Amino acid sequence: MKKIYCILLVSVLLHSKIFGQTIDWGFSAGITVAYIQTNAFALTTSNSMTGVKTGFTAGAFACIPITRRFIFQPGLNFVQKGGSPFDGSAGNQRGAILLNYIELPLNLVYKSAGKRGHFIAGGGPCVAFGISGTAKLNQQETDIKFGGNGEFDLKHFDAGANMLIGYELNNGISLLLNINAGLLNVSVIQSEWQNNYFGLRLGYLFSHNSNSINK
């Protein structure tokens, strides 16, 4: 899978260079609302989901034109995921799980034409690497180790499907909502554990060229 991503990225970069396209860069920051899909009954009620955990995200992205309105948009983000476990008997939240990831989304984005800005919609795969985490349950806090073999330890690598929609002004400022659905079981034990989150991001695009999109 890594080889496919590298080949895709190199191909698009060569395409952009050959056809004289300009690669633009930007950054974004915002909040995440995350939850865990799991069958670990210690973390959930009967619906097999934790409550939500609010976190932070920030990163950078590139806009590589493929056609006039379709853009390949890879990024590199710091993303907080996790959830709020439930008390299995009472159904009350009893703590928080916070997971810190470095994430690489590979989105194909469509930008509409407009006088003042562009509607944006797209999606694609993403891969992530866990760097740290904590689990606070019943007032006891435990470090989550990526690559460990404890009850709440997780695998380093995660992958998911990413979808986004938003609006970008001609001055480069954008507001985006993205949905990220986990595709891998990241638990190191038999329990199922998939990370999911919603992200709301405020972004800014440098050296943008809206004229070619509006044609």
Side-chain angles (χ1 to χ4, degrees), residues 1 28-59 75-107 122-166 175-203:
M1 184 175 289
S28 66
I31 61 171
T32 57
V33 180
Y35 66 95
I36 301 166
Q37 189 82 31
T38 179
N39 62 2
F41 296 107
L43 300 180
T44 68
T45 54
S46 59
N47 61 7
S48 299
M49 291 169 54
T50 65
V52 299
K53 176 72 176 71
T54 303
F56 173 76
T57 180
L76 187 63
N77 301 315
F78 169 80
V79 178
Q80 290 187 320
K81 306 180 185 181
S84 294
F86 286 101
D87 185 310
S89 58
N92 299 319
Q93 294 183 4
R94 59 186 179 96
I97 294 175
L98 180 64
L99 306 172
N100 298 316
Y101 279 88
I102 299 297
E103 190 173 80
L104 174 66
L106 300 170
N107 294 315
C126 69
V127 293
F129 184 83
I131 53 176
S132 64
T134 56
K136 187 176 182 180
L137 303 173
N138 296 327
Q139 305 304 317
Q140 294 184 349
E141 187 168 309
T142 303
D143 289 335
I144 294 177
K145 297 179 181 179
F146 287 91
N149 56 5
E151 181 181 2
F152 294 111
D153 293 342
L154 303 175
K155 301 172 185 176
H156 272 294
F157 288 97
D158 196 2
N162 192 55
M163 295 174 288
L164 61 89
I165 187 170
L175 183 64
L176 295 174
L177 172 68
N178 79 290
I179 302 172
N180 191 281
L183 300 177
L184 297 182
N185 177 20
V186 297
S187 176
V188 296
I189 58 177
Q190 293 182 353
S191 298
E192 187 76 15
W193 182 312
Q194 293 176 323
N195 291 311
N196 305 274
Y197 73 87
F198 298 87
L200 183 64
R201 305 168 186 269
L202 183 66

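Keep in mind the model is a prediction, meaning the values are calculated, not measured.
- With a 4.5 Å cut-off on side-chain heavy atoms, Thr54 and Thr32 do not count as touching.
- Remark: side-chain polar atoms of Asn178 are not paired, donor with acceptor, to backbone N or O of Leu176 under 3.5 angstrom.
- To the nearest 0.5 Å, atoms CG (Leu154) and OG (Ser187) are separated by 6.5 Å.
- Atom-to-atom distance recorded for Phe198:CZ and Ile179:CD1 is 5.0 Å, nearest 0.5 angstrom.
- Qualifying salt bridge (charged side-chain N to carboxylate O under 4.0 Å, His left out) partners for Lys81, counting only residues two or more places apart in sequence or in other chains: Glu103, Asp158.
- Here the closest heavy-atom approach between residue Asn77 and residue Pro105 is recorded as ND2-CG, 3.7 Å.
- No donor-acceptor pair closer than 3.5 Å links the side chain of Asp143 to the backbone N or O of Thr134.
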Show your working on side-chain contact (heavy atoms from CB on, under 4.5 Å) between Ile102 and Phe78 and close with a plain yes or no.
CA-CA 5 Å; Ile102 299 297; Phe78 169 80; 4.2 Å; yes

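- Counted within 6.0 Å of CD on Gln140, heavy atoms from surrounding residues, nucleotides or ligands total 12 or fewer; the atom is thus considered open.
- Residues that satisfy the ring-ring contact (aromatic ring centres under 6.0 Å, His included) test with Tyr35, not counting sequence neighbours, are absent from this structure.
- Between Ile36 atom CD1 and Ser84 atom OG the span is 8.5 Å, to the nearest 0.5 Å.
- Closest of all the heavy-atom pairs between Thr38 and Glu192 is OG1-O, 2.6 Å.
- The two residues Ala135 and Ile97 have their closest heavy-atom pair at CB-CG1, 4.1 Å.
- Inter-residue side-chain proximity for Phe157 and Val127 is flagged as unmet; no heavy-atom pair is nearer than 4.5 Å.
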Walk me through whether Val52 and Tyr197 qualify under side-chain contact (heavy atoms from CB on, under 4.5 Å).
CA-CA 9 Å; Val52 299; Tyr197 73 87; over 6 Å; no

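- The CE atom of Met163 sits 9.5 Å away from atom CG of Leu177, with the distance rounded to the nearest 0.5 Å.
- The closest side-chain heavy-atom distance from Asn180 to Cys126 is below 4.5 Å.
- When all heavy atoms of Gly82 and Lys53 are compared, the pair lying nearest together is C-CB, 4.1 Å.
- A perpendicular orientation is assigned to the rings of Phe146 and Tyr101, their planes being inclined by more than 60° (bins at 30° and 60°).
- Looking only at side-chain heavy atoms (C-beta outward), Asn39 and Ser191 come within less than 4.5 Å of each other.
- Taking 4.5 Å as the limit, some side-chain heavy atom of Arg201 sits within range of a side-chain heavy atom of Thr57.
- Checking side-chain atoms of Asp153 against main-chain N and O of Lys145 turns up a donor-acceptor pair under 3.5 Å.
- Using a 4.5 Å heavy-atom cutoff, the side chains of Leu184 and Asn195 are not in contact.
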